[in-house]
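What follows is a short report on a single structure.
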Amino acid sequence: MQDVVYGNKGTDIFYLFKNSIMIIKGRTKVKEALSSSDYGKEFTLKGWVRTRRGSRNVAFIALNDGSTINSIQVVADVPVFGEELLKKITTGSCISVTGVLKESMGKGQNVEIVANKIEVYGTADPSAYPLQKKGHTLEFLREIAHLRPRTNTFGSILRIRHALAFAIHNYFNDKGFYYIHTPVITGADAEGAGEMFRVTTLDLSNPPMTNENKVDFSEDFFGKEANLTVSGQLEAELGALALSEVYTFGPTFRAENSNTPRHLAEFWMIEPEMAFYDIDDNMDLAEEFLKYLLVYILEHCREDLEFLNKMYDKELIERISHVVEKKFERITYTEAIDILSSSGRNFEFPTNWGADLQSEHERFLVEEHFKRPVTITDYPKTIKAFYMKQNDDNKTVRAMDVLFPKIGEIIGGSQREEIMERLVSRIEELGISKDDLWWYLDTRRFGTAPHSGFGLGFERLMLFVTGMSNIRDVIPFPRTPKNAEF
RNA sequence: UCCUCCUUAGCUCAGUUGGUUAGAGCACCUGACUGUUAAUCAGGGGGUCCUAGGUUCAAGUCCUAGAGGGGGAGCCA
């Protein structure tokens, strides 16, 4: 690598680094080679073998290094390399190939590498290697999550996952938001967002006990009960009431016994929190944010999207584009109930004001009635969290849920209650311990401000963007009830 | 957690009213083949029928319980 000299033109430094990454120690990535037209030039490529086929005289090796969904065809003369070497090059093996780029004689690819030198880094016993050239079910691939990144499907998903995460940081950074790291271990037990995983170093077979015959957590590592976070929101609010606009993006844990294609015990959540935003500003941000991310993926992950569109979901790209183009519908909870009850539809669960909307209701609104994403606001306070801003009707709160086609609720958020008296009275009504939240309440005591925020489930968005139907297939190593393998 | 369906070869599945030695395609192995595209052709090996009980002369098949998985629901992101 060349020395990096800081100088007059910052952009030069960027390109210096960029080039040094494209070609590392003389290695070229498959993606670069495939888009090259330097016919006759020698390249060295390294990657994993997808298939090998051929005849007595010539072997064709499909080589993939994950830089793109496409594999490059390596052509090897059998007499030159010998059957002994070529025998080792089976599906799943890892090789280094040095050869000359040529226009392909065969159909199906534009360029190919005619090998001069092949080195086998690692063989993969074909009778034991679980991945075949044929397609596998997603259920089977879940059982071999350590190898599934080597498939076309999971290569695409992981590249899209990366791009989506990158786009999230990009969006917020450009907009002047600060990324803050909220704690993964929390002593606050009052968030009410679900069952929590306990964090402890106590000896579970012989824990210290109090006089009242309860486990004595004062002896535990933190001197009190501690859990894995179910949300970074309360801490994010602290950041927003100092830095104005912040966001979190980190792992979140829920110990709910949820066995569905939409729930994980460990998932990633994005939680922006903004001072001086009311509920309408919040909705505007959520819509712009989602559309930015979808456009980013459409522009940067085209080949992967086309693959997923072809193999799993024929309407994927069309659906994403549709959401980008349409203005999200905005209605209140009360309006939603009216639409549902006058729809003439026979729902399994009848609608009545005060009850939460069921999946079937959300699907009807999004997929049949409006045919576009719907943001529902002003829910009854009885079915929403304590921190949401109370409306003057004394019945509803300034909550907002964004509902997406196919996957339902993708964003849940609200304007927050910034008035101390109202917040405390709500906390007391719900029987939540005020003492545990002293630090949160201090923000309302000292320089409180109107503010809003929302939570976006990263894997839920991944479901929408990839067209996958099970959330276990959009995270590398899913954690669900009875499953923490790998 | 509830409802429902499923579990047979490495993978995907068939297996009739319970009845001899449990099958197929693909994969794998061997061989053939002058550039293949999920290569093709011929031959071969490969089974704890999820687990534990039970009914029966006889269970892959019927019954009970359990485990794992899919779909739906609830909780939610």
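Naming convention: chains lettered A, B, ... in sequence-line order (proteins, then strands); numbering from 1 in each chain. These numbers come from a predicted model, not from an experiment.
The backbone N or O of A/E32 sits nowhere less than 3.5 Å from a side-chain atom of A/S36 that would complete a donor-acceptor pair. Under the 3.5 Å distance criterion, the side-chain polar atoms of A/R416 are left unmatched by any main-chain donor or acceptor of A/E273.
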Side-chain donor-acceptor pairs under 3.5 Å in residues 58-67 of chain A, sequence neighbours left out?
from: A/N64; atom 1: OD1; to: A/R50; atom 2: NH2; distance (Å): 3.4
from: A/N64; atom 1: OD1; to: A/G66; atom 2: N; distance (Å): 2.8
from: A/N64; atom 1: ND2; to: A/T68; atom 2: O; distance (Å): 3.3
from: A/N64; atom 1: ND2; to: A/I69; atom 2: O; distance (Å): 3.4
from: A/N64; atom 1: ND2; to: A/S71; atom 2: OG; distance (Å): 3.4
from: A/D65; atom 1: OD1; to: A/S67; atom 2: N; distance (Å): 3.0
from: A/D65; atom 1: OD1; to: A/S67; atom 2: OG; distance (Å): 2.6
from: A/D65; atom 1: OD2; to: A/V30; atom 2: N; distance (Å): 2.9
from: A/S67; atom 1: OG; to: A/K31; atom 2: N; distance (Å): 3.0

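Taking the side chain of A/H136 as heavy atoms from C-beta on, and the options B/U36, B/U1, B/C11, the nearest nucleotide is B/C11. With B/U34, B/A73, B/C28 as the choices, the nucleotide that has an atom nearest any side-chain atom of A/N57 turns out to be B/U34.
With respect to A/K389 and A/D278, no salt bridge is recorded, no charged nitrogen being found less than 4.0 Å from a carboxylate O.
One P atom belongs to B/G25, the other to B/U36, and the distance between them is 26 Å to the nearest Å. Taking the C1' atom of each, B/G53 and B/A67 are spaced 15 Å apart, rounded to whole Å. Nucleotides B/C13 and B/U7 place their C1' atoms 12 Å apart, quoted to the nearest Å. Rounded to whole Å, the P atom of B/G69 lies 35 Å from the corresponding atom of B/A58.
Residue A/S55 places at least one side-chain N or O under 4.0 Å from the OP1 or OP2 atom of B/G35. Side-chain nitrogen and oxygen atoms of A/R363 include at least one within less than 4.0 Å of the OP1 or OP2 phosphate oxygen of B/A73. Within the 4.0 Å cut-off from OP1 or OP2 of B/G70, at least one side-chain nitrogen or oxygen of A/R142 is found. Side-chain N/O atoms of A/T137 include one lying less than 4.0 angstrom from OP1 or OP2 on B/U12. For the OP1/OP2 pair of B/G70 and a distance below 4.0 Å, the side-chain nitrogens and oxygens of A/R472 include at least one atom meeting the criterion.
For A/Q109 against B/U36, a side-chain N or O and a base N or O form a donor-acceptor pair under 3.5 Å. You won't find any donor-acceptor pair under 3.5 Å spanning the side chain of A/E348 and the base of B/G72, going by distance alone. Under 3.5 Å, the side chain of A/S258 and the base of B/C76 form no donor-acceptor pair of N or O atoms. Residue A/E256 places no side-chain atom within donor-acceptor reach of the base of B/U1, judged by atom type and a 3.5 Å distance cut-off alone.
Within the nucleic acid shown, A/N470 comes within 4.0 Å of sugar-phosphate atoms alone, with no base atom in reach, counting heavy atoms only.
Side-chain atoms of A/S104 and A/E112 include a donor-acceptor pair closer than 3.5 Å.
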*Taking Watson-Crick and G-U wobble pairs with both distances under 3.5 Å, convert RNA chain B into its dot-bracket string, 5' to 3', dots for unpaired and | for cross-strand pairs.*
(((((((..((((.....[...)))).(((((.......))))).....(((((..]....))))))))))))....
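Map A/V114 and A/T51 each onto its nearest nucleotide of RNA chain B; the residue landing nearer the 5' end is A/V114.
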